[in-house]
There are 2 protein chains.
Amino acid sequence: MQKRILTLEDIQKAHNRIEKVVKHTPVLSSDYINNRFGSKLYFKCENLQTTGSFKFRGASNAISELCVSNPDVKKVVTHSSGNHGAALACAAQQHGLSATIVMPKTAPKTKQDNVKQYSGNIVFCEPTMESRQSNVQRILDETGAELVHPFNDYRIMAGQGTAALELLTLHPDLNLVLTPVGGGGLLSGSATAAKGLNLDIAVMGVEPEIANDQYLSFRAKKRIGINDPKTIADGLRTTMPGEKPFATILEFVDDIVTVSEESIKMAMRVIWEHLKIVVEPSGAVPLAALIDGKINVKYQHIGIILSGGNLDLDAWEW
Amino acid sequence: MQKRILTLEDIQKAHNRIEKVVKHTPVLSSDYINNRFGSKLYFKCENLQTTGSFKFRGASNAISELCVSNPDVKKVVTHSSGNHGAALACAAQQHGLSATIVMPKTAPKTKQDNVKQYSGNIVFCEPTMESRQSNVQRILDETGAELVHPFNDYRIMAGQGTAALELLTLHPDLNLVLTPVGGGGLLSGSATAAKGLNLDIAVMGVEPEIANDQYLSFRAKKRIGINDPKTIADGLRTTMPGEKPFATILEFVDDIVTVSEESIKMAMRVIWEHLKIVVEPSGAVPLAALIDGKINVKYQHIGIILSGGNLDLDAWEW
């Protein structure tokens with residue numbers, strides 16, 4: 001079932017499949033933020049999604065498709081910095097499946113608790129992509145579970161694209177959509193949705209400067225790996241773009257820009273104070289691109305996917 | 001224009017008057033919270049309202065009515081712990097009026113900044129009701145401004161009731177509505193809306209144990225004053241119920257319960273972590289009543305008005 005790139009139809013089908021189980025999250029805006037950045041910004045609040053991140057969209061779509069393609073499935077497995085893990089555990093629980101989540105032992109406690117809340121089995125690993133993958137492979141070999149990869153999976157990519165689809169249905173006049181980019185599931189899905197609806201909508205991915213694998217790869221037009229990055233945006237610590245989302249990103253994405261750690265923190269603060277919502281560092285990354293002056297002022301109606309809101313409040317210091 | 005109590009019609013008229021300027025705020029829920037408290041809880045997120053609190057509803061309605069009843073009005077004045085002040089400044093600015101806000105000098109800096117953002121003129125006073133009122137009287141005498149009292153005003157009460165009206169239109173099956181209670185504007189408006197729609201819906205006010213003027217007054221069936229309370233719920237530091245809202249509260253409210261400071265803090269934490277939104281201490285007070293076991297388990301569908309989200313992040317410690 002190889003496909004070269006994702007299509008709008010894939011996302012529309014995912015939307016129809018999951019619309020009754022995912023939350024149609026609100027879109028917020030703030031006079032203060034609009035005045036400060038000189039553009040109208042519309043924030044699609046996936047931090048308010050079930051499990052606290054957009055990842056529940058992709059996981060719901062993947063599990064739903066999986067239960068059709070393999071009605072005998074009993075177990076799923078994945079690796080995750082936390083949000084995909086909780087999302088997969090929740091979607092699996094809703095379908096009566098068991099889920100095993102390989103998580104770096106450095107994952108925020110909130111994200112660990114979030115997996116447990118939905119009865120996911122956690123297997124801790126070292127905070128490297130190699131350790132994640134070898135642990136997943138071992139579990140696949142031992143248990144015969146089905147892999148639901150956090151981003152290198154068309155079912156996941158299509159599900160993640162439904163957030164942008166909802167946003168653009170509500171605000172078809174946007175001329176730029178910004179998303180954070182880690183492995184590329186959200187960005188590839190969002191870009192496919194936007195360009196499928198209107199080729200004039202620009203789509204950009206934003207990632208931390210110190211986790212710039214997508215930035216380097218986009219410019220080189222081939223997937224480039226980096227060493228394990230230490231960014232505070234713990235959801236974006238992937239070391240290499242996924243093969244499947246990257247092909248779609250090359251096709252549909254206009255640019256990838258990077259932001260400083262300091263700007264990510266400032267963006268979080270702006271969102272907490274002025275939108276009155278709790279966003280995790282990864283979710284604040286797109287707004288950080290405006291703080292860093294990386295977005296052309298010609299974009300006057302900007303949609304931002306606020307990816308998630310899971311972080312350890314105790315450990316956080318402004 | 002004396003009226004004995006507020007009516008549903010007053011609130012419906014306010015709704016029609018302000019629906020294009022106020023945000024139709026989202027209603028959030030959380031599996032974790034529902035499981036923990038054994039009831040389905042629906043949170044009406046007025047922290048996401050313009051100016052960060054429900055107060056913008058009452059202020060918009062009052063200013064809108066005022067501009068009709070006195071077309072020559074140029075200036076308004078009020079006293080406020082902060083949220084009504086910002087709301088009045090914003091509504092006044094939208095109507096081309098100037099607003100002067102008498103605020104206790106101890107008001108959170110965020111709330112001061114919020115008034116300034118909408119070009120409100122701040123006059124600082126001592127943190128006592130006496131100092132607030134004497135400063136307002138002086139300004140009224142000196143400037144001929146119109147008073148828009150934070151709660152002892154039918155226009156304000158009617159506007160505040162529109163949040164419960166929206167909530168109950170979306171969820172007509174609620175059997176209990178909980179609101180924080182300070183001066184009584186929100187509680188009187190919410191109770192009028194709920195009982196007007198369905199007499200079977202119980203309505204309760206919740207206030208800090210150490211700011212229990214409404215609790216004492218409700219039981220005595222007459223307005224009782226207390227000394228200036230030091231609760232962390234800075235929006236609920238009123239010392240005596242307002243005369244007009246109190247008459248309506250006696251008519252329509254089922255009970256008033258009190259909560260500990262510790263429970264308010266715990267409730268805030270639950271809301272931040274599981275609803276992923278920033279709520280100020282006053283807004284967490286209704287959920288604290290569930291933490292403190294003050295709500296009968298027979299109430300299985302509970303609506304909560306989350307009143308606001310304005311607090312100093314720098315000063316906050318868990």
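So you know, we letter chains A, B, ... as the sequences are listed, proteins then strands, and number each from 1. In this text, all values refer to a predicted model and were calculated from it rather than measured experimentally.
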### Task
Sort B/L28 into side chain, backbone, both or neither according to what part of it lies under 4.5 angstrom from a heavy atom of chain A.
side chain
#### Entry: Validation row, ring centre A/W316 to ring centre B/W316 under 6.0 Å
no
### Message
Is it the case that the side chains of B/T25 and B/E46 hold a donor-acceptor pair, with the cut-off being a distance below 3.5 Å and no angle test?
### Response
yes
### Message
Heavy-atom cut-off 4.5 Å, strictly under: side chain, backbone, both or neither for A/Q117 against chain B?
### Response
side chain
### Summary
Applying a strict 4.5 Å limit to non-hydrogen atoms, the region of B/N310 in contact with chain A is both
### Donor-acceptor side-chain pairing of A/N83 and A/E280 below 3.5 angstrom
yes
### Query
Among B/D314, B/L313, B/L311, which has the most heavy-atom pairs under 4.5 Å with chain A?
B/L313
### Task
For B/E261 and B/T231, test the side chains for any donor-to-acceptor distance below 3.5 angstrom and give the result as yes or no.
yes
